[in-house]
Amino acid sequence: MKLISAWSIRPGTRQEAVNRFLSGGGMPPSGVALLGRWHKADASGGFSLFETSDAAALYTHAAEWSQFLDIQVSIVLEDGEAAPILAKIFTE
């Protein structure tokens with residue numbers, strides 16, 4: 001499944017978070033594919049797109065960053081997956 005995370009840097013932790021990211025700490029664990037990551041222009045946070053069938057591995061990744069980041073994770077569907085569901089619910 002695909003999941004998108006929105007994250008923001010906790011007040012007072014920016015330098016530590018940046019140092020950790022720049023030292024290679026931003027990669028998720030085995031079992032979680034990072035499909036893309038985007039940073040807000042004001043460097044206050046960003047978004048990451050993951051694919052995994054291992055919710056515990058993604059939970060581990062979020063927990064490892066929780067002292068620096070506030071993170072919200074949502075399951076997402078692509079248009080091709082969502083359209084048939086929407087058509088069934090709203091056109092029948």
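Taking OG of S5 as the start and CG of D70 as the end, the distance is 12.0 Å to the nearest 0.5 Å. Within the model, atoms CZ of F50 and CG of L35 stand 9.0 Å from one another, a figure rounded to the nearest 0.5 Å. A distance of 7.5 Å separates OG1 of T60 from CG of D54, quoted to the nearest 0.5 Å. Put simply, CD1 on I75 and CD1 on I4 are 13.0 Å apart, with the number rounded to the nearest 0.5 Å.
I71 and A62 make their closest contact through CD1-O, 3.8 Å (heavy atoms, listed as atom of the first residue, atom of the second, distance). For the residue pair R37 and S48, the shortest heavy atom distance occurs at CG-OG, 3.6 Å. Here the shortest heavy-atom pairing between E78 and K2 reads OE2-NZ, 2.7 Å. For the pair V32 and L58, the tightest heavy-atom approach, listed with the atom from each and the gap, is CG2-N, 3.7 Å. Between H61 and P28, the closest heavy-atom pair is ND1-CA, 3.6 Å. Scanning all heavy atoms of the two residues, the minimum distance from S30 to A57 falls at O-CB, 4.0 Å.
Remark: Q67 pairs with no residue by the side-chain contact (heavy atoms from CB on, under 4.5 Å) rule, at least two apart or across chains. The side-chain contact (heavy atoms from CB on, under 4.5 Å) test applied to L77 returns E81, A82, I85, not counting sequence neighbours. Applying the side-chain contact (heavy atoms from CB on, under 4.5 Å) test to A6 and every residue at least two apart in sequence or in another chain returns F47, Q72. Legend: residues meeting ring-ring contact (aromatic ring centres under 6.0 Å, His included) with Y59, ordered by chain and number and at least two apart, are absent.
Residue pairs satisfying the ring pair (Phe, Tyr, Trp, His ring centres under 6.0 Å) criterion with at least one member in residues 1-32, sequence neighbours excluded, are listed as follows: W7-H39, F21-H39. Listed by first then second residue, pairs satisfying ring pair (Phe, Tyr, Trp, His ring centres under 6.0 Å) with a partner in residues 71-92 number zero, not counting sequence neighbours.
Inter-residue side-chain proximity for T13 and L69 is flagged as unmet; no heavy-atom pair is nearer than 4.5 Å. S44 is not listed as a side-chain neighbour of I9, based on a closest heavy-atom distance of 4.5 Å or more.
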Quick one: do L3 and V76 satisfy side chain to side chain contact (heavy atoms under 4.5 Å, CB included)? Show the steps, please.
-> CA-CA 5 Å; L3 304 107; V76 294; 5.8 Å; no
Mind running side chain to side chain contact (heavy atoms under 4.5 Å, CB included) on L22 and R20 for me, showing each step along the way?
-> CA-CA 6 Å; L22 292 176; R20 186 172 182 182; over 6 Å; no
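For R10 and W65, the positive end is not near the middle of the six-membered ring at less than 6.0 Å and at most 45° from its axis.
Between the side chain of R14 and the backbone N or O of A43 there is at least one donor-acceptor pair closer than 3.5 Å.
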